[in-house]
Amino acid sequence: MTEPRSCRRATARISAAMDGPLPAAPRLRLLAHLACCGPCRRYRGQLALLRRLLRAGEAETTIRLSPDARRRLVARLREAIERG
Amino acid sequence: MNARAMTPKPGTIRKKAPGTAAPLDPERWVAAHGEVLFRYARRRVDDDAAAEDLVQETLLAAWRGREAFDGRASERTWLVAILRRKIVDHLRDAAAGARAESRLARWVEERFTEAGKWRQGPARWPRDQDSRHALGAAIVACIERLPAETAELFLLREQHDVPAERVAEQTGLSPNALAARLFRARTALRDCLDRTWLGERRR
């Protein structure tokens with residue numbers, strides 16, 4: 001391989017390929033990289049899994065106030081109220 | 001769930017504020033309105049911490065201005081109105097969002113060496129049912145850590161399957177800028193799951 005083994009570039013291409021087809025040359029370079037790079041294959045598989053789960057509605061994206069945040073709020077309010 | 005219960009608990013301040021009808025109990029306030037206010041704020045600002053600060057400022061401002069509350073609107077409506085003004089002030093500091101995004105960009109570059117190799121590659125993810133079950137909640141928590149606008153772009157694309165061209169169009173981002181933001185969001189979300197969902201089981 002003449003091109004340096006860049007996982008940084010490969011991951012950006014993996015991401016781009018999820019949004020539309022890559023041009024031929026980058027696509028071939030990505031495939032060549034994936035053929036010999038386990039971590040980047042795993043990265044690609046995990047991003048695909050996340051997309052599947054999100055589209056299947058398995059991650060309910062409701063925003064919650066954490067118990068810690070709740071405690072902080074109560075404490076600060078109390079302080080303010082005690083000061084008047 | 002007795003969010004609205006007024007039963008005094010140990011440690012609860014029951015001192016009636018002069019001139020107010022209902023006892024101002026911070027615990028009750030946070031229980032009754034904290035969630036709604038936080039969710040409202042979090043949809044419009046960069047991150048959890050900023051949203052929490054806004055809710056806090058809102059409740060403090062409400063406490064200080066309690067004399068002005070005439071009871072014609074509901075307590076909730078009154079609080080949301082205050083929160084809305086706080087959010088406007090916050091968003092006026094548009095630089096805040098840009099800063100969050102550039103922090104994220106720097107963080108992503110730090111995942112790789114100068115030569116572009118992984119410093120620490122993605123962890124292996126378990127496939128058993130129990131782990132997978134917890135993954136959904138972990139994903140939600142990790143998405144919330146992204147800069148607000150980036151999280152929004154990410155969800156449009158990944159969850160709602162809006163084509164990238166359409167997302168770019170709607171947001172006025174160039175295709176390249178959008179690609180960079182989505183790449184960062186995906187990389188950060190994946191990495192966050194290694195740290196939170198897998199936690200100490202990593203490797």
Side-chain angles (χ1 to χ4, degrees), chain A residues 3-22 26 33 37-84, chain B residues 13 15 17 24 26-27 29-31 34-35 37-39 42-43 48 51-52 55-56 59-60 63-64 108-109 111-113 115-118 121-125 132 135-141 143-144 155 157-161 163-165 167 175 178-180 182-183 186-187 189-190 193:
Chain A
E3 190 178 66
R5 184 169 175 257
S6 172
C7 302
R8 166 68 181 78
R9 191 164 7 191
T11 49
R13 283 175 179 155
I14 289 165
S15 173
M18 294 175 78
D19 300 320
L22 293 177
H33 179 89
C37 182
C40 284
R41 281 199 300 276
R42 185 178 283 170
Y43 175 90
R44 182 178 62 169
Q46 290 174 346
L47 293 197
L49 170 67
L50 293 178
R51 170 176 279 183
R52 276 201 306 282
L53 293 176
L54 280 165
R55 290 192 183 167
E58 291 203 24
E60 241 344 288
T61 51
T62 49
I63 294 161
R64 308 286 305 174
L65 187 61
S66 73
D68 273 355
R70 197 180 290 271
R71 274 193 293 277
R72 279 196 294 275
L73 278 172
V74 170
R76 285 176 200 158
L77 270 173
R78 265 209 196 125
E79 212 175 283
I81 288 171
E82 266 158 13
R83 277 200 310 264
Chain B
I13 295 168
K15 181 174 66 183
L24 270 166
E27 211 138 349
W29 254 19
V30 172
E35 197 72 51
L37 294 177
F38 180 75
R39 215 177 300 140
R42 185 57 184 78
R43 293 227 164 86
D48 286 1
E52 201 186 313
V55 173
Q56 190 200 332
L59 294 176
L60 287 178
W63 162 251
R64 291 192 196 104
V108 167
E109 296 314 321
R111 299 307 98 201
F112 302 94
T113 64
K117 287 194 189 176
W118 288 102
R124 183 192 301 279
W125 285 0
R132 282 293 159 88
L135 181 53
I139 291 173
V140 172
I143 289 173
E144 283 168 22
L155 288 173
R157 181 75 198 104
E158 295 300 274
Q159 184 169 36
H160 304 291
D161 197 7
E165 312 82 68
V167 177
L178 176 64
L182 290 173
F183 168 59
R186 287 168 177 143
T187 304
L189 172 60
R190 203 217 56 75
L193 291 168

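Residue numbers start from 1 in every chain, and the chains themselves are labelled A, B, ... in the order their sequence lines are given, proteins ahead of strands. Computed from heavy atoms alone, side chains included, the values below leave out hydrogens, waters and symmetry copies.
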Nearest heavy atoms of A:D19 and A:R51, plus distance in Å | OD1-NH2, 3.9 Å

What pair of heavy atoms forms the shortest contact from B:R124 to A:R42, and how long is it?
-> N-NH1, 3.0 Å

Salt bridge flag under 4.0 Å for residues B:E52 and A:R72 | yes

Contact part of B:L193 toward chain A, heavy-atom cut-off under 4.5 Å: side chain, backbone, both or neither?
-> side chain

Heavy-atom distances under 4.5 Å only: say whether B:T187 touches chain A with side chain, backbone, both or neither.
-> both

Side chain from CB out, backbone as N, CA, C, O: work out which of these in B:R111 comes under 4.5 Å of a heavy atom of chain A, or both, or neither.
-> neither

Okay, B:F112 and chain A: the region with an atom under 4.5 Å from a heavy atom over there is side chain

Dump the intermediate steps for side chain to side chain contact (heavy atoms under 4.5 Å, CB included) on A:M18 and A:R44, then the final yes or no.
-> CA-CA 9 Å; A:M18 294 175 78; A:R44 182 178 62 169; over 6 Å; no

At a heavy-atom separation under 4.5 Å, does A:L49 approach chain B through its side chain, its backbone, both, or neither?
-> side chain

Heavy-atom nearest pair, B:A123 first then B:R190, reads N-NH1, 4.1 Å

